[in-house]
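It should be emphasised that the depicted structure is a prediction, and the values quoted were computed from it without experimental measurement. So that the names make sense, note that chain A is the first sequence line, chain B the second, and so on, each numbered from 1.
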Amino acid sequence: MPATEIILPVAHYDLAATLDSGQVFRWRQIEGSWHGVVGQHSVRLTQIESGICAQTFSPVADWSFLREFLQTQIDLPAVLKTFPDDAPMNAAVTSCSGLRLLRQDPWECLASFILSSTKQIVQIRQIVALLCERFGEPSLGAGPACFPLPQRIAAACEADLRECKMGFRAPSLLAAARQIDSGKFDLEKIRTLAYAEAQHQLMTLRGVGEKIADCVLLFAYGFDSAFPVDVWIERALQELYFSRRRASDQRLRKFAATHFGPHAGYAQQYLFHYMRTKVK
DNA sequence: CCCCAGGTCCCGC
DNA sequence: GCGGGACATGGG
């Protein structure tokens, strides 16, 4: 039985779409509720009329860590109003109007997206699950393990990591963990930088290019102007805004940087979800 | 057996 | 800058 429970009142929040949207890779739906780990806590989340019901399996004195993760304080309708009023955006918002951006732990987000390159989302989930099973400390109140700390990964060897089926991404993950564990790379410092400099710093890490850097900036640090361009988004921009005319990569980025407004990252997530879920 | 996946890196023009 | 291939592994 749950040790603690709280209702987080919130409107315009589609919990299922948000937890299943490719921002996070550890949440599983069981009998209508969502199970995952936030910080050290095993958490069960259930969408209810008035918002989100959260349960943990060990005592919680301060729930702010969960509000922060879920970003329940964001005024979503105000964000949606800043989107361009064009057919593709309207269709994307209509198809899923409660989709949210989460605020993840930077290390978990960085590590997960280093493991994401040329992998389908189902497979990323599988790799991350293996990594947590093998290297993660137990979470509070049973359930799945915590995401392994940098120092734990840093102490591993490449062969051990490869057993988690991450293939050629293993050296990148290992190098990032060691840079962070040794203090040569400071994830907290990123928070204090301007967007361009923050992106540049992340891209000094092996296996981190523009796209993965943008994912981390958007999903973990809250840089709302970050606009990750992956194969889905590239397809969306080509098809929906350039009539399949094969605009150059650079042209797409320039368009994205100016067209979607101050919350371009949110718009990106809506387009991504729209492309992945629409029929055909 | 083929193509592709929330890419990145390295190569040669 | 820009196209092309390599890189592990698994799904369809």
Heavy atoms under 4.0 Å is the rule here; annotate nucleotides 8-13 of chain B 5' to 3' with B where the base is hit, S where only the sugar-phosphate is, and - elsewhere.
-> SS----
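The gap from the P atom of C:dG10 to that of B:dT8 amounts to 22 Å, rounded to the nearest Å. Using atom P as the reference point in both B:dG6 and C:dC2, the two lie 25 Å apart (nearest Å).
Residue A:Arg28 qualifies as open at atom CZ: its count of foreign heavy atoms under 6.0 Å is 12 or below. Within 6.0 Å of CZ in A:Arg251 there are 12 or fewer heavy atoms belonging to other residues, nucleotides or ligands. Under a cut-off of 6.0 angstrom, the local environment of CD in A:Gln151 is sparse, with at most 12 non-hydrogen atoms contributed by other residues, nucleotides or ligands. More than 12 heavy atoms of other residues, nucleotides or ligands lie within 6.0 Å of NZ in A:Lys211, so this atom counts as buried by the packing criterion.
Pairs engaging residues 19-53 of chain A under the ring-ring contact (aromatic ring centres under 6.0 Å, His included) rule: A:Phe25-A:Phe113, A:Trp27-A:Phe69, A:His41-A:Phe65 [sequence neighbours left out]. Within the structure, ring-ring contact (aromatic ring centres under 6.0 Å, His included) pairs that include any residue of residues 154-206 of chain A do not occur (at least two apart or interchain).
Contacts of A:Ser21 with the nucleic acid, taken as non-hydrogen atoms under 4.0 Å apart, include base atoms. Nucleic acid contact for A:Ile127: none, since no nucleic acid atom lies under 4.0 Å from a heavy atom of the residue. Using a 4.0 Å heavy-atom distance criterion, A:Phe219 is classed as a base contact. A:Gln269 comes within contact range of at least one nucleobase, with a heavy-atom separation under 4.0 Å.
Of the residues in residues 249-266 of chain A, those lying under 4.0 Å from DNA chain C by heavy-atom distance are A:Gln250. Residues from residues 164-177 of chain A with heavy atoms under 4.0 angstrom of DNA chain C, sorted by number: A:Lys165, A:Gly167, A:Phe168, A:Arg169.
Of the candidates B:dG6, B:dA5, B:dG7, the closest approach to any side-chain atom of A:Arg235 belongs to B:dA5.
In this structure, A:Phe272 packs face-to-face on the six-membered ring of B:dG6, meeting both the 5.5 Å centre cutoff and the 30° plane limit.
Spacing between atom CZ of A:Arg162 and atom C1' of C:dT9 amounts to 11 Å, rounded to whole angstrom units. One can place CD of A:Glu108 at 16 Å from C1' of B:dG6, the figure rounded to the nearest angstrom. Distance NZ (A:Lys119) to P (B:dG6): 10 Å, rounded to an integer number of Å.
When every heavy atom of A:Leu99 is checked against every heavy atom of A:His273, the shortest pair comes out as CD2-CB, 3.7 Å. When all heavy atoms of A:Phe260 and A:Met89 are compared, the pair lying nearest together is CE2-SD, 3.8 Å.
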Scan nucleotides 4-6 of chain C against the protein and return all N/O pairs shorter than 3.5 Å with their distances rounded to 0.1 Å.
none

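Using a 3.5 Å distance cut-off with no hydrogens or angles, the side chains of A:Ser248 and A:Gln250 do not pair a donor with an acceptor.
Atom CD in A:Gln268 sits 4.0 Å away from atom CD1 in A:Ile233 (nearest 0.5 Å).
A:Tyr241 places no side-chain N or O within donor-acceptor distance of the main-chain N or O of A:Phe255, the cut-off being under 3.5 Å. Between the side chain of A:Arg100 and the backbone N or O of A:His12 there is at least one donor-acceptor pair closer than 3.5 Å. A donor-acceptor contact shorter than 3.5 Å is absent between the side chain of A:Arg206 and the backbone of A:Ser172.
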